[in-house]
Engineer: 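Mind looking over this structure? Questions follow.
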Amino acid sequence: MIYYYALIAILTFALCGWLLSFATRHYSHVDSMWSLFMAITAYVTAIFTYDLSLRAALVITAVTLWALRLSIFLTWRNCGKEDHRYETIRINNEPFFVFKSVYIIFAFQGVLAWLISYPVYSAVSSHTPLQWLDYAGLSLFVIGFYWEVVADWQLMQFRAQPEHDAAVMNHGLWRYSRHPNYFGEALIWWGFALLAATDGNVFIWFSPVLMTFLLLKFSGVYLMEQTIHRRRPGYREYVATTNAFIPGLPKSKRADHD
């Protein structure tokens, strides 16, 4: 029942986001809300769970750190501009998109975030003593968080230089993966699943599988690479030498070692 309370809270927050878009006719702020949806699941679960465990404290801290960092970063990145993805969605769903967006964008992302955050609910509500799976999950979270933060920072520094407007970022973590930030995000959610795995609930594995699928085939790698070739001429060569998701040595370097 607590898990459904979280859904109500998330959809209420999503409605607030839609009301803002109704006034501004912009929709990119839903990106800033995305991680906060998951944090809401953690907080609502904590409110209705008696006698929180050490695992719950660790997970709430981790979710808060991840959610605030990502929300602030995306708010700064999208400030003053509308993501082209939402412009395309708007064009494809006119007329009356301003009303349709309440379920096409805001409710949809809210429900999706609620489903993905199930391991967070499971871990926060658990009272099982900490085991090795928890330490493995926390380690995976730390690695993923570091990977995501560093990748975002490196890309931000690269794009801040005007001469890189049409250039391809292929340094730092981006030398080993075309989307190291997405890889870090996937690790984070596999980490949360491990933190919830001690109770033996098999449904927790749906979350990291779904998140990895979304990052690879829906809103992440696949969508990003549909148009980037037109904006960055050197990207085709980058694709030919660099892994899309899982980090690895550039293909030319691999050949040197064969």
Engineer: Taking the side chain as every heavy atom from C-beta outward, state whether Y176 and F183 have any pair of such atoms under 4.5 Å apart.
Structural biologist: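 SC-SC contact between Y176 and F183 ruled out.
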Engineer: Of the options V120, T212, I116, which is the one that meets S207 in a side-chain contact (heavy atoms from CB on, under 4.5 Å)?
Structural biologist: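 With S207 as partner, side-chain contact (heavy atoms from CB on, under 4.5 Å) holds for just one option, I116.
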Engineer: Quick check on the hydrophobic clustering: are Y121 and I8 connected, directly or via other members, by side-chain heavy-atom contacts under 4.5 Å?
Structural biologist: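 No, separate clusters.
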Engineer: Just checking, R69 and F73: is the charged tip under 6.0 Å from the six-membered ring centre and within 45° of the axis?
Structural biologist: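 Because its charged atom sits under 6.0 Å from the ring centre and within 45° of the axis, R69 does stack over F73.
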Engineer: Walk me through it: do E148 and L187 pass the test side-chain contact (heavy atoms from CB on, under 4.5 Å)?
Structural biologist: CA-CA 9 Å; E148 183 176 58; L187 289 185; over 6 Å; no
Engineer: Grouping I, L, V, M, F, W and Y whenever their side-chain heavy atoms are under 4.5 Å apart, do L7 and M1 come out in a common cluster?
Structural biologist: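 Cluster IDs for L7 and M1 match.
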Engineer: If you count the non-hydrogen atoms of other residues, nucleotides and ligands that lie under 6.0 Å from CD in Q157, is the total more than 12?
Structural biologist: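 Count over threshold, so yes.
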Engineer: So, F108 versus Y103, ring centres under 6.0 angstrom or not?
Structural biologist: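 Not close enough - the centres of the two rings lie 6.0 Å or further apart.
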Engineer: Less than 4.5 Å apart, any side-chain heavy atom of V111 and any of L11?
Structural biologist: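 Yes, close enough: below the 4.5 Å cut-off.
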Engineer: Do the rings of F37 and W34 sit parallel, tilted or perpendicular, given the 30° and 60° boundaries?
Structural biologist: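 Aromatic pair F37/W34 classed perpendicular.
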Engineer: Under a 4.5 Å side-chain heavy-atom rule over Ile, Leu, Val, Met, Phe, Trp and Tyr, are W190 and I143 clustered together?
Structural biologist: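 Yes: a chain of side-chain contacts under 4.5 Å links W190 to I143.
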Engineer: Would you say that L52 contacts V124 through its side chain, given a criterion of any heavy-atom pair below 4.5 Å between the two side chains?
Structural biologist: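 With C-beta onward as the side chain, the pair touches.
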Engineer: Would you check if L173 and Q154 make a side-chain contact, meaning some heavy-atom pair closer than 4.5 Å?
Structural biologist: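 A side-chain contact exists here, since the closest heavy-atom pair is under 4.5 Å.
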Engineer: Are side-chain heavy atoms of S71 and M33 found at a separation under 4.5 Å?
Structural biologist: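 Not in contact.
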Engineer: Is the closest side-chain heavy-atom distance between R178 and V239 below 4.5 Å?
Structural biologist: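 In contact.
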Engineer: Between atom CG of L15 and atom CZ of F22, what is the distance when rounded to the nearest 0.5 Å?
Structural biologist: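 Going from CG on L15 over to CZ on F22, the span is 11.5 Å.
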Engineer: Please check if the distance between the ring centroids of Y135 and W132 is under 6.0 Å.
Structural biologist: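 No; W132 has its ring centre 6.0 Å or more from that of Y135.
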Engineer: Ring-plane angle category for Y27 and F106, please: parallel below 30°, perpendicular beyond 60°, tilted otherwise.
Structural biologist: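 Correct class here is tilted.
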Engineer: Does either side chain, that of T64 or that of Y43, offer a donor lying less than 3.5 Å from an acceptor on the other one?
Structural biologist: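 Yes, a side-chain donor-acceptor pair sits under 3.5 Å.
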Engineer: Of the options S122, S125, S126, which is the one that meets D199 in a side chain to side chain donor-acceptor pair (under 3.5 Å)?
Structural biologist: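 Exactly one pass, corresponding to S126.
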Engineer: Ring of Y86, cation from R90 - is the NZ or CZ under 6.0 Å from the centre and inside 45° of the axis?
Structural biologist: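 Geometry flag: not set, cation outside 6.0 Å or 45°.
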Engineer: Is the F203 to Y118 ring centre distance short of 6.0 Å?
Structural biologist: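 No: the rings miss the under 6.0 Å criterion.
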Engineer: Do W114 and Y4 have ring centres separated by under 6.0 Å?
Structural biologist: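 Yes, they do, as the ring centres are separated by less than 6.0 Å.
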Engineer: Heavy atoms, side chains only, cut-off 4.5 Å: are I10 and L36 in contact?
Structural biologist: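 No, side chains not in contact.
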Engineer: Do P208 and F192 touch side chain to side chain, with heavy atoms closer than 4.5 Å?
Structural biologist: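 The answer is no; the side chains never approach within 4.5 Å.
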Engineer: Taking Y50's backbone N and O only, do any of them form a donor-acceptor pair with H127's side chain (distance below 3.5 Å, no angle check)?
Structural biologist: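 Side chain of H127 to backbone of Y50, a donor-acceptor pair under 3.5 Å: yes, one is there.
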Engineer: Looking only at heavy atoms, what is the nearest atom pair of F245 and A186, with distance?
Structural biologist: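 Closest approach of F245 to A186: CZ-CB, 3.7 Å.
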Engineer: Grab the two heavy atoms, one from G144 and one from I188, that are nearest each other, plus how far apart they are.
Structural biologist: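 That would be C-CG1, 3.8 Å.
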Engineer: Linking I/L/V/M/F/W/Y whenever any side-chain heavy atoms sit under 4.5 Å apart, do L74 and L20 land together?
Structural biologist: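 No; tracing contacts between hydrophobic side chains, which count when under 4.5 Å, never links both residues.
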Engineer: Looking only at the aromatic ring of each residue, does the gap between the centers of W66 and W189 stay below 6.0 angstrom?
Structural biologist: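 For W189 and W66, the ring centres are under 6.0 Å apart.
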